[in-house]
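Residue numbers begin at 1 in each chain, while the letters A, B, ... track the order of the sequences. Computed from a prediction, not measured in an experiment: that's the story for all the values here. Only this structure's heavy atoms are used, side chains among them; waters, hydrogens and symmetry mates stay out.
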Amino acid sequence: MTNRATGPPAASAPSERPPRSRAGRRRSGVVELTLRRLALLPAQLLFILVLLYVTVNVPLAIHAGHSSTIPGYFRAFAVFVANMFTGQWGIATLGPYDIPWSTLFADFLPNSIQIALFALPLCALIAYPVSLAVGWSRRSSADAPVRFGTLVVALIPSFVLGTWILYAVFFGFYTTFHDLPGDGIIPSPPWFDQYYGGFPSWVVDGWVTRPTGLPVIDAALHRDWTVETITIVKTAIQASAVALAYLAIFLRHGRSIVASAKQELYVTGSRARGVPERTLLWRHTARRVTPSFLLVFALTIPGYLGAQFVVEGLFSDPGIGFITLSVLSQADYVPFEALVFVLAAFVVVAVLVIDLAAARLDPRGRFAR
Amino acid sequence: MTSFPVRPRSAAENGRRRVGWRAQWARRPPGAELWIGASLALVYVGAALSALVVYWGSWGTIATNPAWVPPFHPIGPSWAHPFGVVSGLGADVFRAVWQATPWDLAIVLAILAIDATLALSFGVVAGLSEGGWADALITFVSDSIGAIPSFFLVVAVYAGLTLLDPSQGNLPLFIALFGLLLWPTGARTVRERARVVAHEPYVEAARASGAGTAHLAYWHVLPNSVSPVLAQLPVDVAPIFFVLAVFPWFYNCGGGYLVPSTLGPDYFIPHLAPASPLPSVAFPEWGNLLAIGTCAGFSFPGGADYWWMYLFPLLAIVGLGLTISLLCDGIDQWRRLSV
């Protein structure tokens, strides 16, 4: 209640007065949100570890016949948390590899990053204009095909999509590079075997390239243009499979965001003032929906990872996805707990960063209101 | 202070007559989407019921023929085998897909029922108590669970819990876990909707006339927050089949060296992956059939594409997803028009 004589009590206190400028209000909103989210971060990670411990470690202990007391379980949980954070995840039992899991993850990570570096820009290049064009379309006849088309593609598991793409481009690839698939569909070590009768000096253990770990960069640094071409073609095929699977997830959201942005009053006002449709769409609305697109990406990171992991598995590519599917298929417990933990931490941090970027990019000043 | 009645008067007490679904139907008949969806659903239910009768007593195992196992004499679609034969497993695809219909309908509908119930309940509670401890708790849990890819979490938790009951294939546990871990996305969207509904004038009016939180949640906010769940359900079908298909596929042919065949490199014999929710590799389930069909149907580098081995299970999956989508969209449109 506002008292006419004294004024609103909250606003009169100098310490609680909100910053006067629009930029100041916006900044304080972002800082408050960031601090709240940062405070929740350890709690979220701990929650995930508790979930894993209760559903995996405790049944494992009971199954192995280790009866323990409640304090014993708490002590074991403390050790489990410490091991997760310090990277003590045991020795790998994946195929022929006999090194610590943490080393194997670190060795396999660059290949996953390489695919993501190809796939994410490809996704953005297609998803951004297509979502805008489809969401803006006035024809309702365009709506149903997009809605059902994206649903159909989303329902086809990504290994089937990937196999189709691989199949469509495989024979051209095979004829050009005379690659002989051995134990996977196109595993990377046989390429080196094929061309060198063994591994070049900059490939360690058959899968880690030196010095950077990213095959695209390392092959260029060593001026090995055959391996460079093969790597680029292979990664482009993988990226297109990932992009196809992920776009089906993204476009459903992207289209509805643009459709609702189209209804906003400023669009009607600008149109009434004679602003051309093209400017309204590609300048005004494109900027307006960017933060929302980023937020949708943040929420669908798990879906994206699923698509990329399967494509890595399909190509027997030495990446994190390949390890993930291998350990899950073999019901190998300790590494998949570590993988769940690392991935969850990555997603939580990525969502936070994307939220902040979205707040920064929003032309309407979301936190000013 | 004036005391208000705890329970607001019902529509009948107020002298109004509740409009039944017959009257609504007469006033606004359902649109084409709902009709097509319902027809397709009838086809699926008919196929499931007839399969239960035809395969009485052998519901859980596909009949296989050892003569069809080798991949070198692929049997394509014919009058004897309308959908062809999947080599490796050595099964008639038409009979296998038909036999799998009741299982898959049960799996998908049970998971979606748990998912929808939890998403609606938690979403409405969080939306109504915006800023309160219930909202904070539900948002925290849904954000934490939502940070992990659902396929990943379900398989990890299932593999752990199934150790307590090591008998191979615990489908009810798998269904319960999937439903319990799939709700966060739906709950988030329901919460956003419920927040808006909670400030609508009719809710304020009900609150002012003495309605309790439970009454508001059940009679006002819940019925008006169903749309986000109906939009989310068709999307949630994809991860179910993804999990059911991707692990048998990867275990059998994705990793290459995981299951070496003793009969030779071109001899594909499917195996059941460890911690699989299915009791055997010959269990009638579309995801399992799709995985085996993809492994057996593509031959690298020979270039053979035995499309019938994977196409028909895939069509069954996509058809079910589309049916659920048409039904949900149709129901949502009809509800809006009726209101």
Side-chain angles (χ1 to χ4, degrees), chain A residues 40 43-44 47-48 51-52 55-60 62-63 95 147-148 151-152 154-160 163 166-167 170-171 174 180-185 187 249 252 299 302-303 305-306 309-310 313-314 316 322 324-326 328-331 333 336-337 339-340 343-344 347-348 351, chain B residues 140-141 143-153 155-164 166 177 185 188 234-235 237-239 241-242 245-247 249-251 253-258 260 273-275 287 290-291 294 297-298 300-301 303 305 310 314 317-318 320-322 325-326 329:
Chain A
L40 276 181
Q44 278 184 315
F47 174 80
I48 290 162
L51 184 70
L52 286 174
T55 54
V56 180
N57 291 39
V58 173
L60 204 63
I62 294 170
H63 181 63
R147 209 149 39 96
F148 289 112
L151 185 68
V152 167
L155 280 164
I156 302 175
S158 40
F159 68 87
V160 181
T163 309
L166 190 58
Y167 202 79
F170 178 77
F171 291 105
Y174 177 70
L180 280 178
D183 53 359
I185 291 172
I249 303 171
R252 285 178 75 84
L299 289 178
L305 289 177
F309 283 7
V310 170
L314 177 68
S316 299
F322 182 80
T324 307
L325 290 174
S326 300
L328 285 179
S329 299
Q330 295 173 356
Y333 297 100
F336 80 38
E337 283 180 317
L339 273 166
V340 168
L343 278 176
V347 173
V348 169
V351 169
Chain B
F140 173 78
V141 173
D143 281 355
S144 305
I145 294 180
I148 310 170
S150 58
F151 77 94
F152 205 86
L153 191 60
V155 175
V157 173
Y158 173 78
L161 288 183
T162 200
L163 282 171
L164 296 174
L177 270 180
T185 321
R188 272 183 218 160
V235 181
V237 177
F241 284 109
F242 181 83
V246 81
F247 290 99
W249 164 77
F250 186 78
Y251 187 72
C253 66
Y257 59 82
L258 286 176
L290 174 62
T294 310
F298 286 103
F300 295 98
D305 176 11
Y310 59 83
L314 185 63
I317 292 172
V318 170
L320 182 63
L322 280 179
S325 172
L326 284 166
D329 287 358

Checklist entry - Which bit of V351(A) comes within less than 4.5 Å of chain B, counting heavy atoms only: side chain, backbone, both or neither? => result neither
Checklist entry - Taking C-beta and beyond as the side chain, do V160(A) and L290(B) meet within less than 4.5 Å on heavy atoms? => result yes
Checklist entry - Is there a side-chain contact between L322(B) and V152(A), using heavy atoms and a 4.5 Å cut-off? => result yes
Checklist outcome for this item: Turns out that what part of L339(A) lies under 4.5 Å from chain B's heavy atoms comes down to both
Checklist entry - What distance separates F140(B) CZ from L40(A) CG, expressed to the nearest 0.5 Å? => result 6.5 Å
Item to check | Heavy-atom proximity to chain B below 4.5 Å, by part of I62(A) | outcome: side chain
Next on the checklist: To check you understand the geometry: which heavy-atom pair defines the closest contact between F242(B) and S158(A), and what is its length?
Outcome noted: CE1-OG, 3.4 Å
Item to check | Closest-packed option against chain A by number of heavy-atom pairs under 4.5 Å, given G146(B), A245(B), A156(B) | outcome: A156(B)
Checklist outcome for this item: Pair count under 4.5 Å, heavy atoms only, with chain B: among V56(A), L52(A), L155(A), highest is L155(A)
Next on the checklist: Testing the basics here: between G313(A) and F250(B), what is the closest heavy-atom pair and its distance to 0.1 Å?
Outcome noted: CA-CE1, 3.6 Å
Checklist entry - In terms of ring plane angle, is the pair W249(B) and F159(A) parallel, tilted or perpendicular, where the classes change at 30° and 60°? => result parallel
Item to check | Contacting region of D329(B) [heavy-atom separation from chain A under 4.5 Å] | outcome: side chain
Checklist entry - Only one of L314(B), V246(B), T294(B) clears side chain to side chain contact (heavy atoms under 4.5 Å, CB included) with P157(A); which? => result L314(B)
Item to check | Residue part contacting chain B, namely of L151(A), when any heavy atom lies under 4.5 Å | outcome: side chain
Checklist outcome for this item: Per-residue tally against chain B (heavy atom, under 4.5 Å) across V347(A), V348(A), L305(A) peaks at V347(A)
Item to check | Portion of F47(A) that has a non-hydrogen atom of chain B nearer than 4.5 angstrom | outcome: side chain
Checklist entry - Is Y310(B) close to T163(A) at the side-chain level, that is, under 4.5 Å between some pair of heavy atoms? => result no
Checklist outcome for this item: Heavy-atom nearest pair, G160(B) first then P59(A), reads O-CB, 3.2 Å
Item to check | L60(A), part contacting chain B, at a heavy-atom distance under 4.5 Å | outcome: both
Checklist entry - Under the side-chain contact (heavy atoms from CB on, under 4.5 Å) criterion, do Y158(B) and T55(A) qualify, and how do the steps go? => result CA-CA 8 Å; Y158(B) 173 78; T55(A) 54; over 6 Å; no
Next on the checklist: Return the CG to NE2 distance between L161(B) and H63(A), rounded to the nearest 0.5 Å.
Outcome noted: 13.0 Å
Item to check | Part of L320(B) lying under 4.5 Å from any heavy atom of chain A | outcome: neither
Next on the checklist: If I take atom CD1 from residue I317(B) and atom CD1 from residue I156(A), how far apart are they, to the nearest 0.5 angstrom?
Outcome noted: 10.0 Å
